[in-house]
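Both ligands and their constituent atoms are indexed starting at 1 by order of listing.
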Amino acid sequence: MAKILPSIFGADILRLKDEIHFLEEEQTEILHVDLMDGTYVSNIAFGPNQIAAMKKASSMIFDVHMMLANPERHIDDVINTGAEMISVHYESTPHVHYIIQKIKKAGRKAGVVLNPGTPESVIEYLLDDIDYILLMTINPGQPGQTFIHKSLEKIRNTKKMISGRDIQIEVDGGVNLDNVKQVKEAGADLIVVGGALFNKQPHESYQALKIAVQ
Ligand code: DX5
Ligand code: ZN
């Protein structure tokens, strides 16, 4: 069974407290939180202070997806938000191993993120140090994009590469009710959903997504 991780970036910012409350009511275990700096990706979203405030108002596990240039400059602040899971883009730093060590030393789960154009083989030498791999199935930064179909092959190849290690595969971008089953069957354990959950019927959408990945 795979888990659906709502992406708070897709929520209504003017009703943020209600949206968090809704997710708690829906028994959400893990909340995906995007951190974007306007440099590594074009968008800007949720800085460490906002994430810490949301964390205080919630009992969910926080999965912070760092989309930052120079993550080494911000990692301490991100750790201080209290997030239990923190991921760093492989492409965003020459010091990816250093960031992973910092996350692990703080007692959190460490993830490495790969953009659609980055082959999974680049993280072979990190496999003994990480808890999860986040595969982007859109180019990060903007909501409402179309799932890149070729990613299904990459999920399958990543699953083969980790060969039995205790590493989870997370998928992020363009997932909806039409493709979520294929994403799960390809090998994803954690599936991030933004726009396809925070719509006019969030309860019904969330339930349908959960049922599809059972
Ligand atoms: C995009 C973010 C995603 C985003 C996904 O860069 O990393 O987490 O919220 O949104 P959807 O599911 O709408 O593509
Ligand atoms: Zn994300």
Side-chain angles (χ1 to χ4, degrees), residues 2-13 16 19-20 22-23 26 28 30-48 50-51 54-55 60-69 71 74 78 81 83-92 103 109-118 131-152 154-155 168-184 188-202 205-206 208-210 212-213:
K3 285 185 182 131
I4 300 293
L5 276 53
S7 174
I8 200 69
F9 188 58
D12 179 353
I13 190 79
L16 200 50
E19 299 275 51
I20 290 173
F22 159 73
L23 295 172
E26 296 283 330
T28 302
I30 309 174
L31 182 67
H32 182 84
V33 185
D34 290 314
L35 201 169
M36 309 184 191
D37 69 346
T39 298
Y40 182 65
V41 290
S42 57
N43 226 325
I44 300 180
F46 304 122
Q50 288 87 54
I51 297 173
M54 285 192 267
K55 182 84 181 94
M60 295 179 277
I61 291 171
F62 272 36
D63 167 39
V64 174
H65 172 192
M66 292 196 291
M67 286 166 268
L68 289 170
H74 304 281
V78 176
T81 64
E84 290 87 349
M85 299 169 65
I86 301 171
S87 63
V88 56
H89 268 263
Y90 175 82
E91 309 87 351
S92 69
I103 298 169
K109 288 197 171 166
V112 175
V113 195
L114 300 179
N115 281 325
T118 308
D131 299 292
Y132 63 107
I133 299 166
L134 172 45
L135 298 175
M136 292 308 299
T137 44
I138 55 167
N139 286 294
Q142 300 296 335
Q145 298 184 66
T146 306
F147 182 85
I148 299 168
H149 196 75
K150 182 96 179 148
S151 312
L152 291 173
K154 191 168 173 184
I155 300 169
Q168 290 194 297
I169 298 178
E170 182 173 348
V171 166
D172 183 11
V175 178
N176 56 38
L177 207 46
D178 295 331
N179 57 28
V180 71
K181 215 177 156 76
Q182 282 177 294
V183 169
K184 186 232 159 177
D189 307 291
L190 308 172
I191 304 174
V192 177
V193 185
L197 195 160
F198 293 101
N199 53 24
K200 288 203 174 94
Q201 294 195 300
S205 304
Y206 199 179
L209 287 160
K210 279 187 195 169
V213 299

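Closest to atom 2 (C) of ligand 1 among all protein heavy atoms lies D34 OD2, 3.2 Å. Atom 3 (C) of ligand 1 has as its closest protein heavy atom D172 OD1, 3.0 Å. When hydrogens are left out, the protein atom nearest atom 9 (O) of ligand 1 is S7 OG, 2.7 Å; that is the closest non-hydrogen contact. Counting only heavy atoms of the protein, atom 6 (O) of ligand 1 lies nearest to G141 N, 2.7 Å. The closest protein non-hydrogen atom to atom 12 (O) of ligand 1 is G194 N, 2.8 Å.
Of all atoms in ligand 1, numbered sequentially from 1 with element shown, those under 4.0 Å from a heavy atom of F9 are 9 (O). Atoms of ligand 1 found under 4.0 Å from any heavy atom of M67 (numbered from 1 in listed order, with element): 6 (O), 7 (O). Every atom of ligand 1 is numbered from 1 in the order shown, and the set under 4.0 Å from a heavy atom of G174 is 11 (P), 12 (O), 14 (O). Near P140, with a cut-off below 4.0 Å to any heavy atom, the atoms of ligand 1 are 6 (O). Close approach to G195 involves these atoms of ligand 1, each under 4.0 Å from a residue heavy atom: 11 (P), 12 (O), 13 (O). Within ligand 1, counting atoms from 1 as listed, the ones closer than 4.0 Å to a heavy atom of H32 are 8 (O). Below 4.0 Å from some heavy atom of H65 lie the following atoms of ligand 1, by number and element: 7 (O).
The shortest heavy-atom distance from G173 to ligand 1 is under 4.0 Å.
In this structure, F46 and F9 have perpendicular ring planes: the angle between them is above 60°, well past the 30° mark. Ring geometry for H65 against H89 counts as parallel: the plane angle stays under 30°, on a 0 to 90° scale with 60° as the upper cut.
With respect to K55 and E84, a salt bridge is recorded, a charged nitrogen being found less than 4.0 Å from a carboxylate O.
D131 contributes a side-chain N or O that, together with a main-chain N or O of A110, makes up a donor-acceptor pair within less than 3.5 Å. Checked by atom type and distance alone, the side chain of D37 pairs as donor or acceptor with a backbone atom of A69 at under 3.5 Å. E91 contributes a side-chain N or O that, together with a main-chain N or O of N115, makes up a donor-acceptor pair within less than 3.5 Å. The closest donor-acceptor contact from the side chain of Q145 to the backbone of N139 lies under 3.5 Å. No donor-acceptor pair closer than 3.5 Å links the side chain of K154 to the backbone N or O of M136. Side-chain atoms of T137 come within 3.5 Å of backbone N or O of D172 as a donor-acceptor pair.
Paired with V175 under the rule side-chain contact (heavy atoms from CB on, under 4.5 Å), one option of V192, L5, V193 passes, and it is V193.
Rounded to the nearest 0.5 Å, atoms OG (S151) and CG (L114) are 11.0 Å apart. Interatomic distance, I103 CD1 to M66 CE, rounded to the nearest 0.5 Å: 5.0 Å.
Protein contacts to the Zn ion (ligand 2) involving N, O or S atoms at a distance below 2.8 Å are H32 NE2, D34 OD1, H65 ND1, D172 OD2.
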